[in-house]
4 protein chains.
Amino acid sequence: MPKVSQAHLDARRQQILDAAAACFYRKGFHLSTMQDICKEADLSPGAVYRYFASKDDIIKAISEENRNNSIRMIGQMRQGVENYRVFLDQLVDAFFRMIDEFDQHPAKLNIEIWAETFRNERVRTMQSETFKAYEQVFGGFLRDGQKAGYFQPDIDPDSFGRILISFFDGLLVQKAVDPTVDVWAYVETIKKITSSIHCEPEHATVA
Amino acid sequence: MPKVSQAHLDARRQQILDAAAACFYRKGFHLSTMQDICKEADLSPGAVYRYFASKDDIIKAISEENRNNSIRMIGQMRQGVENYRVFLDQLVDAFFRMIDEFDQHPAKLNIEIWAETFRNERVRTMQSETFKAYEQVFGGFLRDGQKAGYFQPDIDPDSFGRILISFFDGLLVQKAVDPTVDVWAYVETIKKITSSIHCEPEHATVA
Amino acid sequence: MPKVSQAHLDARRQQILDAAAACFYRKGFHLSTMQDICKEADLSPGAVYRYFASKDDIIKAISEENRNNSIRMIGQMRQGVENYRVFLDQLVDAFFRMIDEFDQHPAKLNIEIWAETFRNERVRTMQSETFKAYEQVFGGFLRDGQKAGYFQPDIDPDSFGRILISFFDGLLVQKAVDPTVDVWAYVETIKKITSSIHCEPEHATVA
Amino acid sequence: MPKVSQAHLDARRQQILDAAAACFYRKGFHLSTMQDICKEADLSPGAVYRYFASKDDIIKAISEENRNNSIRMIGQMRQGVENYRVFLDQLVDAFFRMIDEFDQHPAKLNIEIWAETFRNERVRTMQSETFKAYEQVFGGFLRDGQKAGYFQPDIDPDSFGRILISFFDGLLVQKAVDPTVDVWAYVETIKKITSSIHCEPEHATVA
DNA sequence: GATGAATGAGACTTCATTCAT
DNA sequence: TATGAATGAAGTCTCATTCAT
């Protein structure tokens, strides 16, 4: 019988993960020290090491958490779709609001994770799954839409999914470098460009 | 009277920078050690420190070199333009060939630089200048084209410039995570999407 | 809740300080390495750095300890005075016994500290306070004695205090250079010379 | 046949020694680097190492120079003596003027040399010879004076010589720590104290 | 003789990790 | 479970010294 509840254990784990995310957000993976994380979590090194075997383990867990959050988010988004025509608009608005609120959002961690991707297979796998999830949702949506006649049939769904990701990730980087970037002008231009792929079917309904 | 020529000094400096780039490419900025760089450059620590005051200095020089290369490249690209219609195609082909040859090209360093951007003001400045240069060239091109009637006049040139950057940087990340990405399908789709912004003027010539 | 008692922490700190003093005594501040100190203290570098932020910090602490010891010693000495006539003798005997037992006594560190004085403001301050303390005690004693009629009234108390210090420090240096110096002959001569400043009051008692 | 004259060689050597003295004066032996000395001497490392085998060699040469200067100085001083009575005054005035002009005078190097004495046998020997020279001159003078009846016969000449050195070296240290020390009040008090050893012979002449 | 680029041992310090309490 | 003192390998950087030119 465990001395403390599983809930307590989970809470401790999450507490550490949150602390680590805060540190990584501020100083990146390799400039954040375990001491930083311990202090932020208000826990001793010994306690932290009870929940994570190594710093690398924490990095992996953070990237896993990032993947899970991303997948959950995109899943939720897909459900709200009512009309193909407005889906991209909704999607785009939701995502770019994150960038606009850059400093409050852990999106900044993404860039750290991308860099880590080169050195850490598990992190790469996580990030790959994240991208795959996006692709599937975006691609699946486009595919459905094409069947229903909403989109030009000669657009490759997978590539289009990747392009949507690029719209987002690309601006993320630019905003990191220059916070004065006009996010909504950028979004507006995306909408204009992508409007060309829309068609006007006779009986528009959503799956 | 210097013992060796300035050319020799410059070559040594470049030798170190190349070695550093190779290391950074493999292990990132913060996991590459000065010893790694020394070994790669086949030089002693003392020699390296004759040319760079610190590891941070090398990182800065690398990001500066990256900026210079980017600006030079984009400058050259602009000069080859003969027809607005085909410019984007040329541009896109040239840029994405880099991604396709990913492992041989220092483009991968970009992601490291982006991450460093959060911690290092000088690196951020370099990267900011790189983005500005791109924006200017792309935006200037679009502006000229709009005046000449080649592009829809309601497209914001600056945002469009940023979007072109995102097309590239976004795929860079995705390729880093999953090397099997089909670059040319992605490019094809970009071309389809952006074709909608083109118009057909009567007398198409380029400034 | 601390893992170990404050007493243990204090003991560790003192252990390091003692080890450092031993090293400095042997090799001076700048030729003693942190490794030397660690080995002498039988502690790892990490442990030492828990207690002192830097080598410089240890040097400062050593000079502070030296000041504290000096001030304590001179304070105790002052209390033992029963008769102006014999005070100098007692004082001189006590101090020069240190020099005579040179190798066992940290007095040798003084010379290191003097040299450090040029480069290290904090060390200079410590040493300055040490000298001030001596001056006050010696000068105060002479002043009292002059009021009571024990000493020639035209002797400047502060200068005389400084001269007493010089008697000591000067021989310290000479003994360092030539350990065969006859300390007690030196002391004897000091007593003869300084005897001239004594007077013979009628009712000799000490405050 | 040498390519350059011996005079040129000697001048170069002295140039290096002067540069070293300037550096040592500013930063001490162990914080002055060979590069510092080279820069100060306006010479390359290779050139410096043609004249001195090592940094340690330079330190030794500096301490040797210091000894030579001291011995020369004290020798000259001895010759100027015309009257036992005023000799100490002259001596004291000459020496303490150095301390008063502290910043311009290499006396500060003495403290460095004393510290070095613990680690460097050759330096210790040099310093020992310096002290011996002083002792001989002072002691010899006192001995002569005692024979001629100028000084109390029960004063030990050697110890008195050491005390004179202590007067000087002691104040040197105090001035290093606190530049506001009143040198001449100190000197005045020395004179008062030492006046007690003087006698009044019938026919006062100097050897 | 002189130069100064290059060497490389070793200095100071950090920090991921362990383990006695 | 949790603590935090302790470890020690490894990192960045310095500097006395060498040697090809």
Side-chain angles (χ1 to χ4, degrees), chain A residues 2-4 8-9 12 30-39 41-58, chain B residues 1-5 8-9 12-13 30-38 41-58, chain C residues 1-5 8-9 12 30-38 41-58, chain D residues 2-5 8-9 12 30-39 41-58:
Chain A
K3 292 254 179 95
V4 302
H8 176 258
L9 259 41
R12 272 271 186 276
H30 300 292
L31 261 37
S32 297
T33 70
M34 286 302 274
Q35 277 303 331
D36 290 338
I37 296 172
C38 292
K39 205 166 292 171
D42 205 30
L43 239 32
S44 67
V48 169
Y49 274 86
R50 181 160 287 277
Y51 295 91
F52 295 93
S54 65
K55 185 183 174 185
D56 199 60
D57 239 44
I58 297 182
Chain B
M1 192 183 319
K3 194 65 189 209
V4 300
S5 67
H8 175 261
L9 259 39
R12 269 274 184 278
R13 199 189 130 96
H30 299 292
L31 258 38
S32 298
T33 70
M34 287 305 278
Q35 279 303 333
D36 290 338
I37 296 173
C38 292
D42 203 31
L43 239 30
S44 66
V48 170
Y49 276 87
R50 272 193 79 77
Y51 295 89
F52 296 94
S54 65
K55 185 182 172 184
D56 198 61
D57 236 46
I58 297 183
Chain C
M1 192 184 319
K3 193 66 189 202
V4 300
S5 67
H8 175 261
L9 261 38
R12 269 274 184 276
H30 299 292
L31 260 37
S32 299
T33 70
M34 287 304 278
Q35 278 303 333
D36 290 339
I37 296 173
C38 292
D42 203 32
L43 238 29
S44 66
V48 169
Y49 276 87
R50 273 192 78 79
Y51 295 88
F52 296 94
S54 65
K55 185 182 173 185
D56 199 60
D57 236 45
I58 296 182
Chain D
K3 291 254 178 94
V4 303
S5 68
H8 175 258
L9 259 41
R12 271 270 186 278
H30 300 292
L31 260 37
S32 297
T33 70
M34 287 301 275
Q35 277 303 331
D36 289 339
I37 296 172
C38 292
K39 205 165 292 171
D42 206 29
L43 239 32
S44 67
V48 169
Y49 274 86
R50 182 160 288 277
Y51 295 90
F52 295 93
S54 67
K55 184 182 174 186
D56 199 60
D57 239 45
I58 296 182

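Everything quoted here is computed from the prediction, not taken from an experiment. Because only heavy atoms are used, hydrogens play no part in the values below, and waters and symmetry mates are left out as well, while side chains stay in. Numbers restart at 1 for each chain; the letters A, B, ... are given by sequence-line order, proteins then strands.
- For B:K55 against B:Y49, the heavy-atom pair with the smallest separation is N-OH, 4.4 Å.
- Figure legend. E:dA11 is base-paired to F:dT12; pairs are counted as Watson-Crick or G-U wobble with both atom distances under 3.5 Å.
- Heavy-atom distances to DNA chain F give each of C:L43 and A:D42 a nearest nucleotide, and the one nearer the 5′ end belongs to A:D42.
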>> Please determine whether side-chain contact (heavy atoms from CB on, under 4.5 Å) holds for the pair C:I37 and C:M34, giving the CA-CA distance in whole Å, both sets of side-chain angles, and the decisive distance to 0.1 Å.
In response: CA-CA 5 Å; C:I37 296 173; C:M34 287 304 278; 4.2 Å; yes

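- Between A:C38 and A:S44, the closest heavy-atom pair is SG-C, 3.9 Å.
- Taking side-chain N and O atoms only, A:S44 has no distance below 4.0 Å to OP1 or OP2 of F:dG4.
- Whole-Å rounding puts the D:I58 CD1 to F:dA16 P distance at 10 Å.
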> Do B:Y51 and B:D57 pass the side-chain contact (heavy atoms from CB on, under 4.5 Å) test, and can you show the C-alpha distance, the side-chain angles, and the key distance before you say yes or no?
Replying inline: CA-CA 9 Å; B:Y51 295 89; B:D57 236 46; over 6 Å; no

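- Across all strands shown, E:dT3 is found opposite F:dA20 as a Watson-Crick or G-U wobble partner, with both distances under 3.5 Å.
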> When every nucleotide of nucleotides 11-17 of chain E is labelled 5' to 3' by its protein contacts under 4.0 Å (heavy atoms), B for base, S for sugar-phosphate only, - for none, what sequence of letters results?
Replying inline: SSBBBSB

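- At whole-Å resolution of the value, NZ in D:K39 and P in E:dA2 are 20 Å apart.
- Taking both residues in full, the closest heavy atoms of C:D36 and C:L31 are given as OD2-O, 3.9 Å, listed atom of the first, atom of the second, then distance.
- The distance from atom CZ of D:R50 to atom P of F:dA16 is 20 Å, rounded to the nearest whole Å.
- Atom pair C:R12:CZ and F:dG4:P shows a separation of 17 Å (rounding to whole Å applied).
- Contact detail for C:P45 and C:Q35: the closest heavy-atom pair is CG-NE2, 3.7 Å.
- Between D:Y51 and E:dG1, a side-chain N or O to OP1/OP2 separation shorter than 4.0 Å is absent.
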